[in-house]
4 protein chains.
Amino acid sequence: MFSKFLSLDEEKQMRILNAAIKVYVERGYDNASTNAIVKEAGISKGLLFHYFQNKKTLYLFLFDYCLDMVMKEFYEKVNLEERDFFARLRQISLIKMELLNKFPDIIRFFEKAILEEANDIKGDFKEKIFSVKSSTAIFDDIDTSKFRDDIDIQKAIKSILWTFEGFSNEVLTKAKALNLKKPDYEEVFSEGEQYIEMFKRSFYK
Amino acid sequence: MFSKFLSLDEEKQMRILNAAIKVYVERGYDNASTNAIVKEAGISKGLLFHYFQNKKTLYLFLFDYCLDMVMKEFYEKVNLEERDFFARLRQISLIKMELLNKFPDIIRFFEKAILEEANDIKGDFKEKIFSVKSSTAIFDDIDTSKFRDDIDIQKAIKSILWTFEGFSNEVLTKAKALNLKKPDYEEVFSEGEQYIEMFKRSFYK
Amino acid sequence: MFSKFLSLDEEKQMRILNAAIKVYVERGYDNASTNAIVKEAGISKGLLFHYFQNKKTLYLFLFDYCLDMVMKEFYEKVNLEERDFFARLRQISLIKMELLNKFPDIIRFFEKAILEEANDIKGDFKEKIFSVKSSTAIFDDIDTSKFRDDIDIQKAIKSILWTFEGFSNEVLTKAKALNLKKPDYEEVFSEGEQYIEMFKRSFYK
Amino acid sequence: MFSKFLSLDEEKQMRILNAAIKVYVERGYDNASTNAIVKEAGISKGLLFHYFQNKKTLYLFLFDYCLDMVMKEFYEKVNLEERDFFARLRQISLIKMELLNKFPDIIRFFEKAILEEANDIKGDFKEKIFSVKSSTAIFDDIDTSKFRDDIDIQKAIKSILWTFEGFSNEVLTKAKALNLKKPDYEEVFSEGEQYIEMFKRSFYK
DNA sequence: AATGAATGAGGCTTCATTCAT
DNA sequence: CATGAATGAAGCCTCATTCAT
């Protein structure tokens with residue numbers, strides 16, 4: 001289906017994909033006009049539709065493409081031997097930070113895709129996201145014996161994960177408000193560590 | 001400014017507002033075409049612009065209108081005497097559930113508005129949301145003496161609030177996935193109670 | 001046809017007519033929205049159409065109304081006894097200045113009407129203007145014996161009139177460029193006098 | 001900026017420009033609907049906006065385009081060696097007649113543009129006209145020694161130019177009234193000559 | 001493969017005019 | 001006589017998609 005596109009030299013592939021990502025991140029699906037994409041990519045309108053049936057197909061492909069890229073990184077780096085929940089959390093948080101550093105546009109692409117509202121593509125994005133979430137059990141095989149016995153472990157884990165989600169948003173929002181390109185990762189790390197300590201003191205034996 | 005609209009008989013006002021809300025919730029700002037709104041409301045295109053200068057003004061009005069409606073409910077029901085954090089949390093969660101029951105569309109309108117990405121209105125929505133958030137300190141004046149001394153109270157509170165946010169999203173997503181119009185509130189309440197118990201056991205003295 | 005309008009108390013008549021003139025002068029026929037007119041006049045939309053079949057009828061009436069007003073002034077003041085061409089020219093120029101002073105809006109209304117381009121009304125205005133021009137022979141019965149014999153009197157008169165037209169536009173344009181509400185009439189008069197002297201020296205015996 | 005348009009084959013360019021001119025001349029800026037233009041040009045709505053950002057840009061381009069066309073003709077033919085005012089005037093009048101013959105629509109386009117009242121474009125047209133007027137001093141370097149000493153030369157020149165302006169309008173209006181496509185240029189020339197003779201006799205030594 | 005001209009539906013908005021009250 | 005809510009056509013402009021070259 002995308003054989004035409006994939007047999008392109010890599011530089012041109014990247015130019016097109018990055019253009020599509022950039023425009024999408026800046027404007028969302030509806031306002032990501034094909035005009036803007038081809039202009040940014042430096043190709044002709046016709047060519048875009050030569051490679052991708054239509055705008056929707058382009059972004060569906062882009063989603064999968066970005067996902068692959070990120071997943072590969074992820075699985076290379078996460079150490080599944082480590083069974084302590086907080087050690088794992090620390091690891092994953094670090095990897096997330098690195099990803100944000102390494103592929104900032106791609107990550108922003110996902111952030112937007114998660115919230116996409118355009119009827120045309122909303123459903124397809126949601127489906128993909130759902131199937132990713134349910135297939136990646138990065139917190140499986142945790143050593144539960146360390147948790148206090150009077151604590152519902154599933155709920156505790158959820159709380160901690162939601163907390164880190166909220167904390168991450170807080171950090172991003174603050175950085176944006178201060179017009180920083182990236183948060184100060186030292187500081188973020190140290191504050192994250194404080195949350196971890198708090199949860200350890202409270203939920204572990 | 002909206003005097004024309006406000007002097008309309010209430011039935012028609014509601015028809016128009018509900019149409020605008022419905023279309024917005026289904027499609028987002030950009031795709032909430034005025035065509036769709038007037039069709040849903042059963043009025044002519046011209047009439048919409050007789051009442052509202054333009055699409056943006058309509059949705060800005062709608063935001064304030066919905067906010068008033070919700071705020072009124074809220075302030076009638078929250079008991080500011082109660083200083084125990086979890087008691088207050090329980091109260092507020094209950095009120096949220098009731099609101100969701102009473103004004104499901106309005107609440108969904110806000111959920112979307114918070115995440116709105118359409119350049120045209122994003123900023124204005126964010127501003128309004130910000131000024132609401134900073135003016136309503138529903139967790140002020142909490143009795144902090146009950147928290148463990150080795151716990152950073154601000155971080156603990158944030159964790160709990162983020163947890164309840166995450167929990168609430170989980171509930172909503174599950175309900176949607178099961179094609180339920182509303183979650184089973186009994187169940188939600190009981191599960192929420194379990195989270196509260198867990199936090200009390202962990203963060204209180 | 002306009003009996004309804006004419007039986008209105010004069011104050012209201014004037015309010016409506018002045019509103020129509022003002023809006024027309026500021027925006028031209030096409031952009032003179034009935035909304036703007038009724039707002040300026042402080043009456044309802046329906047009422048305007050109660051008095052005037054439609055927008056076109058209103059402005060056709062207005063043209064005649066303004067013309068009457070101006071003509072009355074004109075014929076009261078021009079002295080047809082005076083047979084010297086330049087004396088008559090001086091007279092007429094003075095009357096024009098006075099009119100401009102007394103009915104600035106009405107005169108501006110005519111200035112615009114003469115140039116009106118809106119298809120809807122262009123033809124009717126042009127016709128009215130034509131029939132006025134051809135019926136008012138304010139330079140009839142001139143004493144031609146004073147002109148040099150080697151001069152074509154008709155051409156000389158035309159030259160002088162076109163010169164005064166050009167001069168008048170020049171004055172108005174200058175005033176506008178300097179942001180003056182009215183030209184400095186002293187100065188205009190004295191410069192006009194110089195043109196008259198020049199022509200006298202050149203065209204008279 | 002207009003590269004897309006300019007790289008079109010000339011026939012189509014002309015079809016579009018002539019359509020825009022025709023519609024403009026007939027109806028003025030406000031009423032020159034893009035619908036009418038594309039219909040007249042036999043192209044789709046979208047295509048017009050593919051070439052020109054918007055209606056205003058189209059007409060600004062058209063102005064410059066027409067001006068170039070006319071200016072080229074003008075400068076090819078005017079002889080700046082000739083220092084006698086009337087000889088120069090005769091030259092220029094002849095060139096004007098030829099232009100009117102060669103580009104009747106373009107000339108009518110300017111006639112209208114000069115008087116344009118549409119707020120959207122009035123200012124820009126005025127500016128362009130102003131900069132043309134001030135840059136083209138077609139009556140510079142005149143031999144003033146031939147004028148009578150008791151005559152204000154500036155005023156004399158203005159009179160003559162205004163007279164020729166008036167005369168030109170008279171000719172055009174008459175032709176239109178008689179439903180002629182063009183005036184009878186023989187006759188016009190001979191009548192113009194009579195004006196020149198009259199002024200020579202009166203203003204020259 | 002590659003271009004970009006060409007299309008036409010659909011989006012927001014304005015406005016003269018009508019009509020129920 | 002007076003109001004202003006209501007209509008719908010028409011205006012400008014955008015955009016995904018097609019197609020001849």
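We name chains A, B, ... by the order of the sequence lines, and we start the count at 1 in each one.
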### Message
Considering only residues two or more places apart or on different chains, which pairs with a residue in residues 15-30 of chain B satisfy salt bridge (charged side-chain N to carboxylate O under 4.0 Å, His left out)?
### Response
Glu11(B)-Arg15(B), Lys22(B)-Glu40(B)
What is the distance, rounded to the nearest whole Å, between atom [atom1] of [X] and atom [atom2] of [N]?
{"X": "Gln13(D)", "N": "dA5(E)", "atom1": "CD", "atom2": "P", "answer": "12 Å"}
{"X": "His50(B)", "N": "dT3(F)", "atom1": "NE2", "atom2": "P", "answer": "14 Å"}
{"X": "Asp9(D)", "N": "dT21(F)", "atom1": "CG", "atom2": "P", "answer": "12 Å"}
{"X": "Leu48(B)", "N": "dG11(E)", "atom1": "CG", "atom2": "P", "answer": "14 Å"}
{"X": "Leu58(B)", "N": "dG11(E)", "atom1": "CG", "atom2": "C1'", "answer": "15 Å"}
{"X": "Ile16(C)", "N": "dC1(F)", "atom1": "CD1", "atom2": "P", "answer": "11 Å"}
{"X": "Asp120(C)", "N": "dA16(E)", "atom1": "CG", "atom2": "P", "answer": "10 Å"}
{"X": "Tyr51(B)", "N": "dT7(F)", "atom1": "OH", "atom2": "C1'", "answer": "12 Å"}

### Query
Got a sec, which residues hit side chain to side chain donor-acceptor pair (under 3.5 Å) with Lys55(D), two or more places apart in sequence or on another chain?
none
### Query
Who are the side chain to side chain donor-acceptor pair (under 3.5 Å) partners of Lys56(D), not counting sequence neighbours?
Asp124(D)
### Query
Any donor-acceptor pair under 3.5 Å linking the side chain of Ser7(A) with the backbone of Ser3(A)?
yes
### Task
Kindly say whether Ala20(B) contributes a backbone atom to a donor-acceptor pair with the side chain of Tyr59(B) at under 3.5 angstrom?
yes
### Footprint string (nucleotides 10-15 of chain F, 5' to 3'): B base within contact, S backbone only, - free, heavy atoms under 4.0 Å
-SBBB-
### Query
Where the side chain of Lys12(C) is concerned, which of dA2(E), dA2(F), dG8(E) is the nearest nucleotide?
dA2(F)
### Candidate nucleotides dG8(E), dT3(F), dA2(E), ranked by approach to the side chain of Ser44(C) - the nearest
dT3(F)
### Task
Apply side-chain contact (heavy atoms from CB on, under 4.5 Å) to Glu117(A) and Lys112(B), showing your working.
CA-CA 9 Å; Glu117(A) 295 297 350; Lys112(B) 277 231 165 184; 2.5 Å; yes
Listed pairs under 3.5 Å, donor-acceptor, residues 42-51 of chain C side chains, sequence neighbours left out:
{"unit_1": "Ser44(C)", "atom_1": "OG", "unit_2": "Leu47(C)", "atom_2": "N", "d": "3.2"}
{"unit_1": "Lys45(C)", "atom_1": "NZ", "unit_2": "Asn35(C)", "atom_2": "OD1", "d": "3.2"}

### Task
Check DNA chain F for consecutive Watson-Crick or G-U pairs with both distances under 3.5 Å and list the runs of at least three as stems.
E:2-21 with F:2-21
### Task
State plainly whether the residues Asp9(A) and Lys12(A) are in salt-bridge range, i.e. N to O under 4.0 Å.
no
### Message
Pairing donors with acceptors under 3.5 angstrom, does anything connect the side chains of Gln13(B) and Tyr65(B)?
### Response
no
